[in-house]
Protein chains: 2
Amino acid sequence: MTETAPRPTLEAVAARAGVSRATASRVVNGGDGVREPLVERVRRAVDELGYVPNQAARSLVTKRHDAVAVVVAEPETRVFADPFFALQLRGISKELTAHDNQLVLLLTEGRDDHARVGRYLAGGHVDGALVFSLHLDDPLPGLIRRAGIPTVFGGRPGWSDGDGGDVVYVDSDNRGGARDAVRHLVALGRTRVAHITGPLDQTSAADRLDGYRDVMADADPRLVVPGDFTPAGGERAMRELLDHRPDVDAVFAANDLTAAGALRVLREHGRRVPEDVAVIGFDDMLPVAEQTDPPLTTVRQDIEEMGRLMARLLLRGPDGPHPGEQAPRSGVVLPTTLVRRASA
Amino acid sequence: MTETAPRPTLEAVAARAGVSRATASRVVNGGDGVREPLVERVRRAVDELGYVPNQAARSLVTKRHDAVAVVVAEPETRVFADPFFALQLRGISKELTAHDNQLVLLLTEGRDDHARVGRYLAGGHVDGALVFSLHLDDPLPGLIRRAGIPTVFGGRPGWSDGDGGDVVYVDSDNRGGARDAVRHLVALGRTRVAHITGPLDQTSAADRLDGYRDVMADADPRLVVPGDFTPAGGERAMRELLDHRPDVDAVFAANDLTAAGALRVLREHGRRVPEDVAVIGFDDMLPVAEQTDPPLTTVRQDIEEMGRLMARLLLRGPDGPHPGEQAPRSGVVLPTTLVRRASA
DNA sequence: GTGAAAGCGCTAACAA
DNA sequence: TTGTTAGCGCTTTCAC
């Protein structure tokens with residue numbers, strides 16, 4: 001990596017504009033309290049020299065970094081196999097950019113990485129962290145709390161906080177969305193509504209199951225079969241379902257991928273969808289939901305907005321754009337909507 | 001964003017270990033030329049205090065940042081709708097982590113963003129950039145070259161470099177992979193092999209078309225129809241194909257998504273795959289290729305490895321881990337392999 | 001081998 | 001309003 005040409009310093013700008021470094025600094029940082037003609041001269045000098053502030057020097061004294069870490073625990077490849085995370089990332093990026101913050105991405109792959117991430121966060125490189133922690137037993141949240149930097153979680157964390165829930169997170173209404181889906185199936189006249197769950201150590205999956213149970217309180221336990229958010233898991237579960245309860249007339253799958261798998265098995269067994277079995281997914285992952293046969297009725301969540309909101313909450317601290325307005329001390333839950341297509 | 005507790009400085013470590021700041025610094029940076037007992041004492045002090053070096057202070061003097069920007073131009077949502085980019089990102093992240101570098105993600109959404117990114121890169125926040133620039137007319141590459149920082153491109157850039165090709169990039173062998181695919185179809189005895197292209201302003205798509213032509217030099221031009229890397233585009237193209245050349249007996253689709261669309265239309269028209277029409281995709285995007293009906297024969301590229309390699313090339317400058325070993329002055333092309341499943 | 005001291009580029013008191 | 005000055009925490013000559 002070759003060394004680049006030395007860039008002009010504030011000193012150079014000040015000299016060229018015929019002012020002190022302090023005044024030049026003031027102009028660069030907004031120009032409040034500097035008389036117009038001077039502002040003008042400094043601005044010109046900045047342009048002519050192509051001056052860009054040295055962030056390291058600035059951080060050294062301000063102790064701010066205008067950077068936010070996005071931490072993604074990634075025990076499984078799955079996290080990346082669907083566009084879910086990418087969409088959140090995009091929302092986050094947009095919001096951070098709007099506030100002139102940089103996005104530092106921290107991907108973790110195991111124990112060693114956890115230590116590394118903990119060190120990084122504790123090391124004061126960033127002003128805050130956005131964390132995607134998927135599992136109940138994830139050590140990451142603990143590490144991060146110990147690092148003592150402002151944090152917003154993506155999805156409701158699985159652990160309960162010892163001292164009473166001042167954990168900030170953004171989640172979508174998994175339980176409510178599941179309820180809507182199942183109610184829709186019931187309204188369609190289905191009476192033997194099954195549920196293929198997600199991995200229940202993730203709160204999103206657990207919440208969806210709860211939503212199902214809210215409506216189908218006393219359903220046959222055999223109508224609930226475990227899945228894992230993958231198409232293969234959906235196939236397996238659907239076979240089991242067909243085995244134990246061949247009379248099943250509706251399936252609420254924990255996500256679209258699972259539903260896609262179920263759909264395939266149903267076709268394989270000659271069941272018509274939705275005539276014989278109605279199917280509903282969750283996520284409204286377009287590339288999946290629109291491409292299944294038939295297209296999938298599903299529960300939509302605004303994933304990009306979740307990302308934006310996370311960033312907004314993080315930035316909205318005492319030093320944030322709205323000093324008065326306190327960040328919430330716990331979770332924010334975004335609504336979901338049922339999207340009707342052909343499968344139910 | 002609340003201010004966190006003041007962290008221990010090198011000064012504190014030195015005091016605790018009973019050495020000078022300079023010695024403490026030496027130990028923290030590897031400990032060369034410091035006598036063992038002192039090293040030991042400093043190490044202990046670091047642990048006890050939980051000392052983490054202040055990166056801003058360090059950068060201020062070293063002018064290095066141990067950070068690399070990943071720039072992703074994202075004119076279309078598509079970039080994120082497939083796991084392609086996510087996989088590269090993962091490869092990049094792994095490699096950077098191994099070299100203690102941070103990953104700063106820069107997502108761009110339009111003209112304004114370009115200026116912002118240019119400023120950031122020129123501003124000396126990072127030691128280098130990994131750039132994904134998809135289109136021929138993208139202004140980003142120019143901006144970045146002007147920023148004058150070491151850069152590696154993901155995919156062969158569409159523009160040719162004025163002063164003779166010292167553009168470093170990593171690509172996979174799109175042309176060779178396409179050739180293999182088409183040859184395989186020919187070997188199957190197919191004589192009317194069609195190609196559904198990708199967007200031809202992307203070099204990957206253009207190269208795949210070239211590969212097709214290498215083998216099918218004098219095919220009916222109507223066997224080549226434009227697609228856009230999406231399933232919808234694949235459907236459209238397949239319909240056109242069936243219209244103009246109902247006798248088509250094989251299709252090489254520019255990517256798996258396109259192939260999935262084509263497959264659907266073929267089924268719709270009662271054509272059996274592979275009996276009536278053999279189909280091959282490109283990418284081996286598992287969630288797509290394995291889940292189509294029938295599972296897709298396709299050309300695999302090692303996407304994660306591309307990411308790793310990009311990072312490795314960037315880091316391998318004069319200051320990198322292998323000072324002697326120069327980075328290549330142009331492109332590195334990774335091989336592809338044909339993965340046989342049921343569709344051809 | 002170790003320490004003293006200078007200084008990276010910037011902001012923020014404080015004086016003027 | 002503007003300038004002077006003192007660091008922020010670290011690395012790196014340069015003496016010792």
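Side chains included, hydrogens not; waters and symmetry mates left out as well; all remaining heavy atoms used. Just so we're on the same page: letters track the sequence lines, and every chain starts at 1.
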*Do the side chain of A:Arg7 and the base of C:dG9 come within less than 3.5 angstrom through a donor-acceptor pair of N or O atoms?*
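Side chain to base: no pair present.
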*Would you say the base of D:dT4 and the side-chain of A:Arg21 have a donor-acceptor pair closer than 3.5 Å?*
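Not at all, since no donor on one side and acceptor on the other fall under 3.5 Å apart.
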*asked:* Please determine whether salt bridge (Lys or Arg N to Asp or Glu O under 4.0 Å) holds for the pair B:Glu305 and B:Arg312, giving the CA-CA distance in whole Å, both sets of side-chain angles, and the decisive distance to 0.1 Å.
replied: CA-CA 10 Å; B:Glu305 178 58 23; B:Arg312 213 173 304 141; 3.6 Å; yes
Roughly how many Å is it from [atom1] in [X] to [atom2] in [N], rounded to a whole number?
X	N	atom1	atom2	result
B:Leu10	D:dC8	CG	P	13 Å
B:Arg58	C:dC10	CZ	P	21 Å
B:Asp32	D:dT11	CG	C1'	14 Å
B:His125	C:dG9	NE2	P	14 Å
B:Glu11	C:dA4	CD	P	10 Å
B:Lys63	C:dC10	NZ	C1'	12 Å
B:Arg64	D:dT12	CZ	C1'	15 Å
A:Arg26	D:dT5	CZ	C1'	12 Å

*On DNA chain D, nearest-nucleotide positions of B:Leu60 versus B:Thr23: which is more 5'?*
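Of the two residues, B:Leu60 wins.
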*Which of these, B:Val104, B:Thr151, B:Thr108, sits in a side-chain contact (heavy atoms from CB on, under 4.5 Å) with B:Val71?*
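Exactly one candidate clears the test, B:Thr108.
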_Counting only side-chain heavy atoms from C-beta out, which of D:dT1, D:dC10, D:dT5 sits nearest to A:Arg35?_
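Minimum distance to the A:Arg35 side chain belongs to D:dT1.
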_Measuring from the side chain of B:Ser20 (C-beta onward, heavy atoms only), which nucleotide among D:dG3, C:dA4, D:dT11 has the closest atom?_
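Minimum distance to the B:Ser20 side chain belongs to C:dA4.
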_Please determine whether a side-chain nitrogen or oxygen atom of A:Ser25 lies at a distance below 4.0 Å from atom OP1 or OP2 of C:dT11._
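So the side chain of A:Ser25 is within the cut-off, an N or O lying under 4.0 Å from OP1 or OP2 of C:dT11.
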*Is any side-chain N or O of B:Asn54 closer than 4.0 Å to OP1 or OP2 of D:dC8?*
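Answer is no, no contact under 4.0 Å.
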*Approximate separation, where rounding is to 0.5 Å, of A:Leu89 CG and A:Phe132 CZ*: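 Output value for this atom pair is 7.5 Å.
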*Would you give the length of the straight line joining atom CZ of A:Arg7 to atom OG1 of A:Thr9, rounded to the nearest 0.5 angstrom?*
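Going from CZ on A:Arg7 over to OG1 on A:Thr9, the span is 10.0 Å.
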_By the 4.0 Å heavy-atom rule, please label B:Val28 as base, sugar-phosphate, or nothing._
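Nothing, no heavy atom under 4.0 Å.
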*Would you check, one step at a time, whether the test side chain to side chain contact (heavy atoms under 4.5 Å, CB included) holds for A:Leu103 with A:Leu130?*
CA-CA 10 Å; A:Leu103 191 172; A:Leu130 299 175; over 6 Å; no
*A:Thr9 or B:Gly18: which one's nearest nucleotide on DNA chain C is closer to the 5' end?*
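Here B:Gly18 is the residue nearer the 5' end.
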*For A:Pro53 and for B:Leu38, find the nucleotide of DNA chain C with the closest heavy atom, then tell me which residue's nucleotide is more 5'.*
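Looking at the nearest nucleotide for each, B:Leu38 comes out on the 5' side.
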